[in-house]
2 protein chains.
Amino acid sequence: MTQPERKKRITIKDVAHAAGVSTQTVSRVMNKFAYVSDETRQRVEVVVEQLGYRPSTLARSLIQQRSFTIGVVTFGLKYIGPSRTLNGIADMADELGYMLLMKELVDLDTESIEEVIESLLARQVDGILWAVPEIGDNRNWLTDRLASIPVPVLFLTMEPRANVPSIATDNYSGAVMATQHLLECGYKNIGHISGPMDWWEAKERKRGWSDTLIKAGLDASENRCAEGNWSSASGEQAFLQLLQTFPTLDAVFVANDQMALSVLREAHRRKIKVPEQLAVAGFDGIPESAYFYPSLTTVFQNPQMLGEQSIQYIVEMIQARQENRSFITQSRFIQPNLTVRESTSLV
Amino acid sequence: MTQPERKKRITIKDVAHAAGVSTQTVSRVMNKFAYVSDETRQRVEVVVEQLGYRPSTLARSLIQQRSFTIGVVTFGLKYIGPSRTLNGIADMADELGYMLLMKELVDLDTESIEEVIESLLARQVDGILWAVPEIGDNRNWLTDRLASIPVPVLFLTMEPRANVPSIATDNYSGAVMATQHLLECGYKNIGHISGPMDWWEAKERKRGWSDTLIKAGLDASENRCAEGNWSSASGEQAFLQLLQTFPTLDAVFVANDQMALSVLREAHRRKIKVPEQLAVAGFDGIPESAYFYPSLTTVFQNPQMLGEQSIQYIVEMIQARQENRSFITQSRFIQPNLTVRESTSLV
DNA sequence: TTCCATTATGTTATCGATAACATGTTATCG
DNA sequence: CGATAACATGTTATCGATAACATAATGGAA
């Protein structure tokens, strides 16, 4: 049983009193300000140590109008990609001396978005990382609202827009790599299983596939593509559909590894040999993909790095604003790379 | 290019001035205090709306000594389990009106732990959720330090200790279920691939396996177990080792699904039929496990729910302390359940 | 009619720190 | 040796809100 005993917080006044100096002097010692005599400094430091004094970041944030806190708005944390990005975000934030105030979006409607933004601003965050995938028109609010947010906002995984800072994996170029690779392996009838088509990332991956085929003089018509929703279950459905609409299929570029997993399984069941009769390439490069049977060729993206770079980027923005410098708004891209494994090449 | 234009924050003073009342009255309106005349209330509300005033949670936290913020300390976010737990944490926190201040532990040494705790306390969190798996002696600090932390601390995934609130999945009983199931299917030579043995969860799962076998009068000696580190790669290694030390193996309980994945693959390669010649059961119940080939029997734990309940628990603790009630410290457990699929039963 | 509870609002203190300014003491230099 | 810069420290104002207390008007109950 825990007794509800309460110790009062040790404040700067307690220290000042115990050391026989003013609070300002204690503050100077804590912030390593130069003009403090060695003698005083030591005396104060001893008291700080004895009392176990730790300054209240909260109070400091209030007076300095700066919290060294970044608001992170996430969506779909239950998926592994976003959560690994968050990992990168957390690590880099730590390294640069920032804390993270987290909000997971439950709905994507404008009201909840407004509420989330307000609650972050009310807590004086120095910047906001919008780590929510772009789906449908869920970026419309941005046009009206962005200018009136008094701190920098950085968008992850968004279609580049003028005057809006963003950072994303280059999904298009990843898809091109994968499709190109299938072509180089000699496959000609290359289908695609896409993600949900209202997701920007899904569109980009599909565009990479179709552009590459068209450029090679091949067909990329709609019957050669089926839509999933990222889940393995939907991947299975989409694959079955594709086998119907595109029977001569000899290779398939699947928009994520989870869906590719069920393509591999269904191929097994139907005794379709991978890669001899059907090559399969995925996207994401989840660690398990190396242990699929057969191991999966996939476009490896580095969500961890995406997270790290996004913190670096927003901290640059915060510092620029702090120092009243102007700042060039960019859309940054991170290049993925292709990992070739058994599912597309005969070892 | 973004112009470094800065709008001044609208404060309670601005509202008070514009509405011709005192700040106290504005505060009363914002907090729905009763003794305000309808006329005044409306006047203030109009001004609030016009100016777009939002109270500073920061300032409020300072005076009220209460931030409605919970510190969450995580470790291993890059793994899917912890990140889904975080998802549950985030959702429930939102529902109960709390924000999350996040810190990912990089090292597990005492210094970094101390630093993390201090930085959370300096930001006036109302409670701390220690979502770090128990590994080796990384809970030793707790004995000395816990009592001196002025806010409630709840530990996730920890061996129950007297007077320390904790919440965890019941790994032991999950392991018992899986092993029991294998026994019921008629397998007699049941091996185990464990997680890293300094993890509490790994120990519990192994204990569930060995206890069940011993109770059934079967052998659970060391040569029937191999140790992995949760990764698919290590699972493969462990499986190869097990095939050597325990050649008569006809079933294996694997401590997580990722490792089970590579067991399935290696079995394919060696033309060992699953489940006819070798039954495989996993642990975790990741969504993909339903799409392994064959689909994997696994112990389903609900990390999302773990997260939700942990927030509920700590909020109870916070409220108890707030109201100066005493509170019964418990170790809570969440029961997992077995999902039977193809890898252990002939459909 | 007087008194006190209820309602309505304002004033001052406070949370824990730093900013801005003020003042006194030492060095330093021409 | 006096002016001036550098050092050392203290005092007061401030960040944006609420707590605690004070004051005044209203409206029944005694």
Side-chain angles (χ1 to χ4, degrees), chain A residues 6-45 48 51-69 118-119 121-126 150 322, chain B residues 6-44 47-48 51-69 118-119 121-126 150 322:
Chain A
R6 192 90 45 97
K7 260 162 296 192
K8 266 239 307 294
R9 168 179 272 276
I10 310 272
T11 75
I12 198 170
K13 278 189 201 161
D14 302 322
V15 177
H17 191 253
V21 296
S22 71
T23 60
Q24 190 56 229
T25 299
V26 177
S27 172
R28 284 178 186 123
V29 172
M30 296 308 288
N31 295 292
K32 310 210 186 303
F33 183 77
Y35 296 167
V36 180
S37 71
D38 281 353
E39 194 222 343
T40 309
R41 163 159 283 132
Q42 279 175 29
R43 189 148 40 97
V44 171
E45 277 168 351
V48 164
L51 299 183
Y53 168 66
R54 297 282 179 280
S56 159
T57 310
L58 203 67
R60 182 184 281 154
S61 301
L62 186 58
I63 184 75
Q64 294 191 151
Q65 300 288 69
R66 171 130 203 226
S67 63
F68 285 97
T69 300
E118 288 297 350
S119 75
L121 292 179
R123 281 178 162 85
Q124 208 83 267
V125 294
D126 295 339
Q322 207 72 23
Chain B
R6 192 89 47 97
K7 260 162 298 192
K8 265 240 309 292
R9 167 179 272 277
I10 311 270
T11 74
I12 198 169
K13 279 189 200 161
D14 301 322
V15 177
H17 191 252
V21 298
S22 71
T23 60
Q24 191 55 231
T25 299
V26 177
S27 172
R28 283 177 188 126
V29 172
M30 297 306 290
N31 295 292
K32 310 210 187 301
F33 183 75
Y35 295 167
V36 180
S37 70
D38 281 354
E39 193 222 341
T40 308
R41 162 159 286 133
Q42 278 174 31
R43 189 149 38 96
V44 171
V47 174
V48 164
L51 300 183
Y53 167 65
R54 297 281 179 280
S56 159
T57 309
L58 203 68
R60 181 184 282 156
S61 301
L62 186 59
I63 185 74
Q64 295 190 153
Q65 302 287 69
R66 171 125 205 230
S67 63
F68 284 96
T69 301
E118 289 296 350
S119 74
L121 292 178
R123 281 177 163 84
Q124 209 83 265
V125 293
D126 295 338
Q322 207 73 23

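Letters go in sequence order (proteins before strands), and every chain restarts at 1.
- Residues forming a salt bridge (Lys or Arg N to Asp or Glu O under 4.0 Å) with A:Arg54 (at least two apart in sequence, or on another chain): B:Glu118.
- Pairing partner, C:dC29: D:dG2, with both Watson-Crick or wobble hydrogen-bond distances short of 3.5 Å.
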Can you tabulate the close N/O pairs, meaning under 3.5 Å, that link protein atoms to atoms of nucleotides 4-8 of chain C?
from	atom 1	to	atom 2	distance (Å)
C:dT7	OP2	B:Tyr35	OH	2.8

N/O contacts under 3.5 Å, protein versus nucleotides 10-12 of chain D?
from	atom 1	to	atom 2	distance (Å)
D:dG10	OP2	A:Ser22	N	2.9
D:dG10	OP2	A:Ser22	OG	3.1
D:dG10	OP2	A:Thr25	OG1	2.8
D:dG10	N7	A:Arg28	NH1	3.3
D:dG10	O6	A:Arg28	NH2	2.6

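- No contact: B:Arg66 has no heavy atom under 4.0 Å from any strand.
- If you find the closest nucleotide of DNA chain C to B:Phe33 and to A:Arg54, the one lying nearer the 5' end belongs to B:Phe33.
- Going from atom CD1 of B:Ile10 over to atom P of D:dG16 covers 11 Å, rounded to whole Å.
- The distance between atom NZ of A:Lys32 and atom P of C:dT18, rounded to the nearest whole Å, is 12 Å.
- To the nearest 0.5 Å, atoms CD (B:Gln124) and CG (B:Leu58) are separated by 10.0 Å.
- Side chain of B:Ser56, nearest nucleotide from D:dA17, D:dC15, D:dA19: D:dA17.
- Atom pair B:Gln124:CD and D:dG16:C1' shows a separation of 15 Å (rounding to whole Å applied).
- Across D:dT18, C:dC15, D:dC15, the shortest atom-to-atom separation from the side chain of B:Ser27 is found for D:dT18.
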